[in-house]
Amino acid sequence: MSERPARQASARSVAFDVLRAVAESDAYANLLLPVRLERARLSHSDAALATELTYGTLRLLGYYDRVIELVAGRTTDRIDEPVLDALRLGCHQLLTLRTPSHAAVNETVELVRSAASRSAVGFANGVLRSIARVKPDVWRQRVADRARNEDDRLSALESHPAWIVRAFRHALAAEHRESELEELLRADNEAPRVNLVALPGLAQRPEDSDLDRYSPIGFVWKGGDPGAIVSETDGAVRVQDEGSQLAAQMFVHARDVEPGERWLDLCAGPGGKAAILAAAAKASGARLVANELVPTRLDLVRRAVAPAESVVKFTERDGTVIGAQEPERFDRVLLDAPCTGLGALRRRPEARWRKTPGDVPELTRLQAALIDSAVKALRPGGLLCYVTCSPHLAETRVQVSDALKRHPGELRELPTQDVVQDLSVNPLELAGDPAQVQLWPHRHGTDAMFIALLEKQ
């Protein structure tokens, strides 16, 4: 008897498989989804649907859980995980994509049938049909009515843990922009543009591309898989958020480059900023040391900087001791510090459900140790560019303030906002301390990147 042929993968089944891997194995959707899409060989439209189903569900997972709990009459921790992931996927189709209810319900029930018991099929069918009978706006009102306070309301409706809501509020309040909180949370739940960078001196932006609003070396991908142009240029064109591009360019443009300068990228993985630094070093006669502690991330750095590898030395060391090992050896140090990653929740939506407030103290201690190491590694008059992909005050303003207190008379702040405005294609709407730049998804369309330029006196 011949075996039954395997059912061809659909957009929904690919998305469901990725959601399961994220829940079960702590997988990263941005790494796993492209692999699953390639394996499934979906059409362009189905691949786009699978992408939206995956990322959209992960972004709005918190809100969908509130709706599911209202209908099911139980908390989500009492629902089997495969069933819960399927219900979340169904919610995204019914409440956000406005997929016809028969298609959303039937396809989702089939996913449950393939992954759970017969009783779970009936349960899922009932929950989804109940959700489909009520308009999406009514569900939002019902969820809002159940909120315990304002933070809980925003947490539920905008699908962010309450501690992140509070962290964002405090960061915006430091700029006297607290009124922008809901706009920021909503921006975090929107699919970001796909930005690419053409490494200076190594590649040109396509003539028909839409240029970035701010980065003079970036452009916006118009659709489809950008992997083709990355491959065609051997990595001289690469995918990179516009905020990340600006941070790397600020490191270079903060002052004129003298031939023979030694630069250090202290925490270089995965290599996006290092690639821009390497291209700039090659063009200006500088040398770059790209350091990364984690071997797999160092491999990513090697691939990223391959177009300008001739000016790069790779090291695999603990960044906190490099200053002691090589005191006053470098003219410039880029510290793209390990952080909570709260600034990139559009691109890595599962991170909002994995991080906790307890992660912050350990990270800030590491950031402080890395700053101290960077200061030791700098020559007198050297430049430190401190970057985090997080707006959390403990990782940004407070971290810089504490560094200045630890190094009185040794570090001074530079006019960071002037530097970015000078290189930007269009003026950036910035607020707060002129020695610091905080970018925002809702205001600039970038990740929430923080940059501070400091000089060792």
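What you are looking at is a predicted structure, and each value in this text was computed from that prediction instead of being measured.
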Under a 3.5 Å threshold, yes or no: a donor from one side chain and an acceptor from the other, between [X] and [Y]?
X    : Y    : value
D241 : Q245 : no
T315 : N291 : yes
T388 : S390 : no

Rounded at 0.5 Å granularity, tell me how far [atom1] in [X] sits from [atom2] in [Y].
X    : Y    : atom1 : atom2 : answer
I371 : L454 : CD1   : CG    : 7.5 Å
Q93  : L128 : CD    : CG    : 9.0 Å
E158 : I164 : CD    : CD1   : 13.5 Å
E316 : L293 : CD    : CG    : 7.0 Å
D85  : L111 : CG    : CG    : 10.5 Å

Practice item. Test salt bridge (charged side-chain N to carboxylate O under 4.0 Å, His left out) on E69 and R66 and set out the steps. Key: CA-CA 5 Å; E69 288 180 345; R66 301 278 185 128; 5.5 Å; no

Practice item. Flag this pair as yes if the NZ/CZ of R348 is under 6.0 angstrom from the six-membered ring centre of Y28 and inside a 45 degree cone about the axis; otherwise no. Key: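 R348 over Y28 ring: no.
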
Exercise for review: Would you please test W263 and E261 for side chain to side chain donor-acceptor pair (under 3.5 Å) and show each step?
Suggested key: CA-CA 6 Å; W263 299 349; E261 282 191 8; 2.8 Å; yes

Counting heavy atoms not belonging to [X], are there more than 12 under 6.0 Å from its [atom1]?
X    : atom1 : result
E38  : CD    : no
Q204 : CD    : no
R146 : CZ    : no
N426 : CG    : yes

Exercise for review: Check the pair V387 / L334 against side-chain contact (heavy atoms from CB on, under 4.5 Å), numbers first and verdict last.
Suggested key: CA-CA 8 Å; V387 180; L334 172 66; 3.9 Å; yes

Check your understanding: Going through the distances and angles, do V400 and E395 end up as a side-chain contact (heavy atoms from CB on, under 4.5 Å)?
Key -> CA-CA 8 Å; V400 172; E395 302 183 277; over 6 Å; no

Practice item. Run the numbers on R255 and R332 for side-chain contact (heavy atoms from CB on, under 4.5 Å), then give the verdict. Key: CA-CA 10 Å; R255 58 175 62 157; R332 306 185 194 214; 3.3 Å; yes

**Study point:** Partners passing salt bridge (Lys or Arg N to Asp or Glu O under 4.0 Å) against D188 (at least two apart in sequence or in another chain)
**Key:** none

Point to revise | CA sep, side-chain torsions, deciding dist, call: R153, E182, salt bridge (charged side-chain N to carboxylate O under 4.0 Å, His left out) | key: CA-CA 11 Å; R153 183 187 74 84; E182 287 194 57; 3.3 Å; yes

**Study point:** Note, L423 side chain near Y214 side chain (heavy atom, < 4.5 Å)
**Key:** no

**Study point:** Pair V437-L246, side-chain contact (heavy atoms from CB on, under 4.5 Å): steps then yes or no
**Key:** CA-CA 10 Å; V437 166; L246 288 173; over 6 Å; no

Practice item. Applying side chain to side chain donor-acceptor pair (under 3.5 Å), run through S215 and Q249 and close with a yes or a no. Key: CA-CA 9 Å; S215 172; Q249 291 172 86; 3.0 Å; yes

**Study point:** Test applied, side chain to side chain contact (heavy atoms under 4.5 Å, CB included); reference residue, H442; option that passes from E190, E183, R177
**Key:**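 Exactly one candidate clears the test, E183.
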
Point to revise | Centroid separation Y63 to W139 less than 6.0 Å | key: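 No; W139 has its ring centre 6.0 Å or more from that of Y63.
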
